[in-house]
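For reference, the structure discussed in these notes is given below.
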2 protein chains.
Amino acid sequence: MTKDTPRQGGRQLPTAEELRIWRDFIETTDVLRSRIASRLQSESALSPGDYAVLLALTEAPEQQMRSSELAAHIGWERSRLSHHLGRMERRGLIRRQECATDPRGAEVHLTAAGAEAFRGSTVPHLRAIRELFVDALTPDQLVAAGEIAAALRAHLDTRQAK
Amino acid sequence: MTKDTPRQGGRQLPTAEELRIWRDFIETTDVLRSRIASRLQSESALSPGDYAVLLALTEAPEQQMRSSELAAHIGWERSRLSHHLGRMERRGLIRRQECATDPRGAEVHLTAAGAEAFRGSTVPHLRAIRELFVDALTPDQLVAAGEIAAALRAHLDTRQAK
DNA sequence: CCTCCCGGGTTGACATGTCAATCCAAAGCT
DNA sequence: AGCTTTGGATTGACATGTCAACCCGGGAGG
């Protein structure tokens, strides 16, 4: 009965049940992500990327940051950030300015329009998170979700290092 | 002491702890998704989208499907599928052919190259799922992950209908 | 000084997604 | 027949991501 699923270390592939959970999990988190993104978009005309950048700048001393510092802070590749900042600059949400101390570098500044857009987006965004995520789960499930995230993160980190 | 978090129905915004869990959860699932995608890419030269399409076609009777049927099956908008099929057709993974019964429609056929690419990707992909997802969690956590996904899905569905 | 390399950033090419507009043939309606 | 509607699918414009190549200003060695 269990002959076809070799024990411990021999088994490399997920069982049908494990696979079902995987698919459920990954597809559902994807839907969740896109629903939150769409609420943010329709309520504030901001993308999740915009929000992340504006959040970081808003919290930064003097509402400005070096480009690579910002990239590290939100966990993006520099190239991605550079493209995104270009689009945000066109929309007037941020401003790039050459760095005083290092002529190679660039400082990213929050503009008044950017600060305004971020302020207006915060409450609706948090409300969406509450409605679509927090309210969907029991308190136990919420805690479990946090633990699952932590376990996954830890596991991914060890695998990365290798 | 609890005066600042109105009870039941009054509170719209997540608490700091709920927000922390949200961020952990969504960021971690994102990293997980991209790590799995990158394994799939490097081991099989397929994107997650390619994989979903090839999986559906492989399991379809006669390895072919109507375009909108396929879209419904994998939960994509038709436009997205159309763009993706264009790219896959250029790479020779699938073939589009006008439908015999409905002159408006298109049939999507798996090609030999597509079937081959899918066959070669299956085991490495499943192994990646096992290594990066299943192995990261305890059996209890795995079950909890499934329940969380189900709860989220159910909640999102009711919100969608509204 | 000159060359080589490095770190900060940008750029271009391309894959992937969304949205709205369009095309076309089949049905309905008049 | 002529006109509108509907359903299947594609298209174009644009946002977002990744990857690799590039530009540019400093050093480090020679």
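Note that the structure is a prediction, hence the values are computed from the model and not measured. Worth knowing before you read on, the calculation uses all heavy atoms, side chains too, and leaves out hydrogens, waters and symmetry mates. Throughout, protein chains are lettered first and strands after them, A, B, ... in sequence-line order, and every chain is numbered starting at 1.
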Under a single-linkage definition using a 4.5 Å side-chain heavy-atom cutoff for Ile, Leu, Val, Met, Phe, Trp and Tyr, are B:V123 and B:I129 assigned to the same hydrophobic cluster?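 B:V123 and B:I129: one cluster.
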
Can you sort out which residues in residues 54-78 of chain B have a heavy atom within less than 4.0 Å of DNA chain D? Ascending by number, please.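 Heavy-atom contacts with DNA chain D come from B:R66, B:S67, B:S68, B:R78.
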
Contacts to DNA chain D from residues 28-37 of chain A, heavy-atom cutoff under 4.0 Å, which residues?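 Listed by number, there are none.
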
Take the protein atom [atom1] of [X] and the nucleotide atom [atom2] of [N], then report the distance between them rounded to whole Å.
| X | N | atom1 | atom2 | value |
| --- | --- | --- | --- | --- |
| A:I94 | C:dG9 | CD1 | P | 13 Å |
| A:R80 | C:dT10 | CZ | P | 16 Å |
| A:H84 | C:dT10 | NE2 | P | 14 Å |

Please report the closest heavy-atom contact between [X] and [Y], naming both atoms and the distance.
| X | Y | value |
| --- | --- | --- |
| A:A151 | B:Q141 | CB-OE1, 3.9 Å |
| B:L126 | A:L13 | CB-CD2, 3.8 Å |
| A:E18 | A:T15 | OE1-N, 2.8 Å |

Want to settle it: does A:S79 or A:L46 sit nearer the 5' end of DNA chain D, counting the closest nucleotide to each?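 Closest to the 5' end, via its nearest nucleotide, is A:L46.
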
Mind checking if B:R91 touches a base, just sugar-phosphate, or nothing, with heavy atoms under 4.0 Å?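 If one applies the 4.0 Å heavy-atom cut-off, B:R91 turns out to touch nothing in the nucleic acid.
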
Which part of the nucleic acid does A:H83 contact within heavy-atom distance under 4.0 Å: base, sugar-phosphate only, or nothing?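 Base contact.
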
Basic-acidic side-chain contact under 4.0 Å: B:D157, B:R153: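 Not counted as a salt bridge, because no side-chain N and carboxylate O are separated by less than 4.0 Å.
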
Worked verdict on A:F133 versus A:I36 for side-chain contact (heavy atoms from CB on, under 4.5 Å): CA-CA 9 Å; A:F133 178 68; A:I36 293 273; 5.6 Å; no

Under 4.0 Å from any heavy atom of chain A: name the first and the last nucleotide of DNA chain D that qualifies, 5' to 3'.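 Contact boundaries, 5' end first: D:dA15 to D:dG26.
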
Distance-only polar pair, side chains of B:R39 and B:Q41, donor-acceptor under 3.5 Å: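 Side-chain D/A pair, B:R39 to B:Q41: absent.
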
Counterpart residues, side chain to side chain contact (heavy atoms under 4.5 Å, CB included), relative to A:T101 (two or more places apart):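 A:T101 satisfies side chain to side chain contact (heavy atoms under 4.5 Å, CB included) with A:R66, A:C99 once adjacent residues are dropped.
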
Linking Ile, Leu, Val, Met, Phe, Trp and Tyr through side-chain heavy atoms less than 4.5 Å apart, which residues share a cluster with A:I94?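 A:L40, A:L46, A:Y51, A:V53, A:L54, A:L55, A:L57, A:M65, A:L70, A:I74, A:W76, A:L81, A:L85, A:M88, A:L93, A:V108, A:L110, A:F118, which link up through side-chain heavy atoms under 4.5 Å apart, make up the rest of the cluster.
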
Taking salt bridge (charged side-chain N to carboxylate O under 4.0 Å, His left out) as the cut-off, I'd like each qualifying pair that reaches into residues 46-65 of chain A, sequence neighbours left out, listed once.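 Counting only pairs at least two positions apart or across chains, the salt bridge (charged side-chain N to carboxylate O under 4.0 Å, His left out) contacts touching residues 46-65 of chain A are A:D50-A:R91.
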
Position toward the 5' end of DNA chain C (nearest nucleotide), B:Q41 or A:S38: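 Here B:Q41 is the residue nearer the 5' end.
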
Per the side-chain hydrogen bond (donor to acceptor under 3.5 Å, both in side chains) rule, which among B:E89, B:E107, B:H109 passes with B:R96?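 The single option meeting the side-chain hydrogen bond (donor to acceptor under 3.5 Å, both in side chains) with B:R96 is B:E89.
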
